[in-house]
Amino acid sequence: MHNKTIIQLAQGLRSGEFSSVELTQAFLKRIKRHQKLNTYITISEDSALRNAKAADVRLANGNPELLTGIPIAQKDIFCTEGVKTTCGSKMLDNFIAPYNATVVENFNQAGAVLLGKLNMDEFAMGSSNETSYYGPVKNPWDMNTVPGGSSGGSASAVAARLAVAATGTDTGGSIRQPAALCGITGLKPTYGRVSRYGMIAYASSLDQGGPMTRSVEDAAIMLQTMAGFDEKDSTSVDLPVPDYSAGLNNSIAGLKIGLPKEFFGDGLNSDVAAALETAVNEYRKLGAEIREIAMPNLNLAIPAYYVIAPAECSANLSRFDGVRYGYRCENPADLTDLYTRSRGEGFGKEVKRRILMGTYALSAGYYDAYYIKAQKIRRLISEDFKNALAQVDVVMGPVSPTTAFGIGEKIGNPIEMYLSDIYTIAINLAGVPAISIPAGFVKDKPVGLQIIGNYFAEDRLLNIAHRYQQVTDWHLQPPKGFE
Amino acid sequence: MSLTTDEVKKIAHLARLGIDEQDVESYARDLSGILELMARMNELNTDGIEPMAHPMDQVQRLRDDVVTERDNREKFQTIAPQVEAGLYLVPKVIE
């Protein structure tokens with residue numbers, strides 16, 4: 001059952017081949033058997049079985065939706081009423097969310113079964129899932145390597161078939177990079193497409209939730225439930241949501257693909273480059289035209305991002321003060337001691353590093369030199385994308401310069417870790433959508449291909465990615481031991 | 001551009017963020033390295049470029065001034081570290 005797509009499972013539930021309770025039990029059993037991956041922070045066994053039972057009733061009485069009775073999991077950044085929502089931090093280890101994120105509410109309405117909450121880098125700050133208070137997640141393709149981050153628990157769980165599909169969030173690559181490193185499909189929608197209400201904020205002008213699945217077909221179904229205008233999110237965009245599954249099979253003959261030369265220079269592992277070349281050739285066979293393009297400001301995306309994201313993080317995380325919810329230190333001497341120690345003891349090292357960096361960049365005398373300068377560069381990077389997408393339909397490139405790296409390999413060197421985000425970060429600065437799909441293996445480790453599209457062209461991206469999955473089988477291959 | 005340990009302590013104070021004395025030096029080293037990375041932004045002349053705060057260049061949406069939320073005080077206070085009579089308790093601030 002665990003290798004089936006959402007549509008196959010929905011058919012099985014309707015034909016009576018299995019019930020949602022049986023399906024949910026099968027996944028719960030797999031989750032327990034593979035606990036060494038450390039993908040789940042919370043397993044909601046009781047409520048999952050209760051909801052599966054309700055889904056079976058809904059399936060029998062008519063009016064089910066495609067996701068009714070399908071077991072999924074949420075990144076532990078989405079507030080889930082009555083369930084511990086930690087954001088991977090000691091700060092929220094005792095936090096039982098008092099309300100649902102809109103994304104969670106949408107899946108509840110659809111009748112999806114929530115298996116539990118997935119591990120992640122603390123407050124989504126990290127590229128390896130090693131900054132989690134709950135310990136690192138392991139990559140099912142090689143237990144000694146990282147799954148990527150920050151949505152590492154989501155990527156590992158989906159790859160290991162410990163959930164049919166999962167949600168993730170992407171501020172600088174946090175859906176796409178773990179998807180690439182774990183050999184699954186991950187879509188970061190256009191900024192504003194998916195509600196951020198109840199999604200614990202890291203960098204508000206960059207954060208965006210999206211689906212993480214085994215196939216593009218499943219991603220289209222998940223996005224359908226996630227996307228849409230939400231008046232509770234002040235930056236939600238009020239545009240109609242298209243039917244994401246309707247155009248999946250459209251022909252892509254004549255598609256114009258741009259390859260930015262800045263994406264294929266030094267720093268990209270040559271084996272990864274070769275795998276991507278093969279993938280691009282597959283598109284050529286499908287009738288696409290390939291041309292080289294220039295995006296001259298991409299090389300400044302990392303410095304600009306590591307000003308803007310920490311600046312927004314330092315403002316967003318000021319809400320964790322030990323007063324209203326979350327961790328509070330023992331025996332505070334006075335109010336300043338309460339703030340300082342609660343935050344000092346509740347946050348981990350990478351979060352502190354970014355709060356310090358952001359506080360510095362926003363402080364008197366440095367604001368123009370760092371924050372305003374970075375925002376000007378953000379404008380130029382965004383114009384690079386606008387110019388590129390006026391010449392071609394989509395831009396393709398790598399997701400990560402290498403395949404999954406070793407646990408412990410980069411965590412001691414924050415700058416080296418930041419540099420591994422080189423191909424994903426610019427997309428968040430511009431706000432355009434991008435998808436990572438499996439495009440082969442290098443030494444038995446998955447490689448991801450990134451496809452970047454125009455604002456709100458998720459349907460087109462899904463179509464282009466789906467056509468590739470119809471002529472390749474990389475996305476169908478399970479990691480050894482998780483078949 | 002590099003940061004001294006005193007500057008790190010000053011920033012930590014601005015952020016009301018406790019950091020262990022033994023870690024101050026490593027933060028100073030890390031942050032100095034990050035500042036060096038950021039200095040690469042100066043390679044590019046950005047005179048006359050409008051700063052971009054938001055991908056959609058949106059302005060804040062307005063809504064009618066009507067009540068839309070219920071009072072959830074009791075529910076929200078069940079997860080608070082310390083409350084009394086509907087109030088959040090903190091150490092005494094006025095002697």
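Chain A is the first sequence line, chain B the second, and so forth, proteins listed ahead of strands; every chain is numbered from 1.
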Chain B contact via [X] - side chain, backbone, both or neither, heavy atoms under 4.5 Å:
X: Ser234(A); value: both
X: Pro332(A); value: both
X: Asn297(A); value: side chain
X: Ala369(A); value: backbone
X: Tyr371(A); value: neither
X: Leu419(A); value: side chain
X: Ser314(A); value: neither
X: Ser342(A); value: neither
X: Leu335(A); value: both
X: Phe456(A); value: side chain
X: Ile302(A); value: side chain
X: Leu356(A); value: both

Subject >> Asp207(A) (side chain) donor-acceptor with Ala203(A) (main chain) under 3.5 angstrom >> reply: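 Indeed, once roles are kept as given, a pair shorter than 3.5 Å links the two residues.
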
Original post:
If only atom types and distance count, is the side chain of Asn454(A) paired as donor or acceptor with the main-chain N or O of Ala457(A) below 3.5 Å?
Top reply: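 Such a contact is absent between Asn454(A) side chain and Ala457(A) backbone.
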
Subject >> Leading residue by heavy atom contact count with chain A [cutoff under 4.5 Å; candidates Gln77(B), Arg63(B), Lys92(B), Glu50(B)] >> reply: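 The option with the most such pairs is Glu50(B).
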
Subject >> Options Val93(B), Ile34(B), Leu37(B), ranked by heavy-atom pairs under 4.5 Å with chain A, top entry >> reply: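 Greatest number of close heavy-atom pairs with chain A: Ile34(B).
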
With chain B, which of [options] has the greatest number of heavy-atom pairs at distances under 4.5 Å?
options: Gly358(A), Ala361(A), Ala374(A); result: Ala374(A)
options: Ile355(A), Thr336(A), Val307(A), Asn299(A); result: Val307(A)
options: Arg343(A), Arg378(A), Glu383(A); result: Arg378(A)
options: Leu338(A), Ile372(A), Val323(A); result: Val323(A)

By a 4.5 Å heavy-atom criterion (distance strictly below it), what part of [X] contacts chain A: side chain, backbone, both, or neither?
X: Ser26(B); answer: side chain
X: Met56(B); answer: side chain
X: Asn42(B); answer: both

Thinking salt bridges, do [X] and [Y] make one under a 4.0 Å N-O criterion?
X: Glu21(B); Y: Lys9(B); value: yes
X: Asp321(A); Y: Arg16(B); value: no
X: Arg353(A); Y: Glu350(A); value: yes

Side chains of [X] and [Y]: do they bring a donor and an acceptor to under 3.5 Å?
X: Ser318(A); Y: Asn316(A); value: no
X: Arg29(B); Y: Ser2(B); value: no
X: Tyr191(A); Y: Asn428(A); value: no

Original post:
Yes or no on side-chain hydrogen bond (donor to acceptor under 3.5 Å, both in side chains) for Thr190(A) and Glu458(A), after CA distance, side-chain angles and deciding distance?
Top reply: CA-CA 8 Å; Thr190(A) 309; Glu458(A) 286 82 3; 2.6 Å; yes

**OP:** Cation-pi check, Lys349(A) to Tyr27(B): give yes when NZ or CZ is under 6.0 Å from the six-membered ring centre and within 45° of the ring axis, no otherwise.
**Re:**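 Yes, Lys349(A) and Tyr27(B) form such a contact.
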
Subject >> Residues in salt bridge (Lys or Arg N to Asp or Glu O under 4.0 Å) contact with Lys75(B), at least two apart in sequence or another chain >> reply: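 Counting only residues at least two positions away or on another chain, Lys75(B) forms a salt bridge (Lys or Arg N to Asp or Glu O under 4.0 Å) with Glu81(A).
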
Subject >> Sequence neighbours excluded, every pair satisfying side-chain hydrogen bond (donor to acceptor under 3.5 Å, both in side chains) that has a member inside residues 325-335 of chain A >> reply: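 Listed once each, the pairs are Tyr327(A)-Glu345(A), Arg328(A)-Gln82(B).
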
Subject >> Minimum heavy-atom distance between Ala53(B) and Ser205(A), given as atom pair plus value >> reply: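 It is O-CB, 3.5 Å.
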
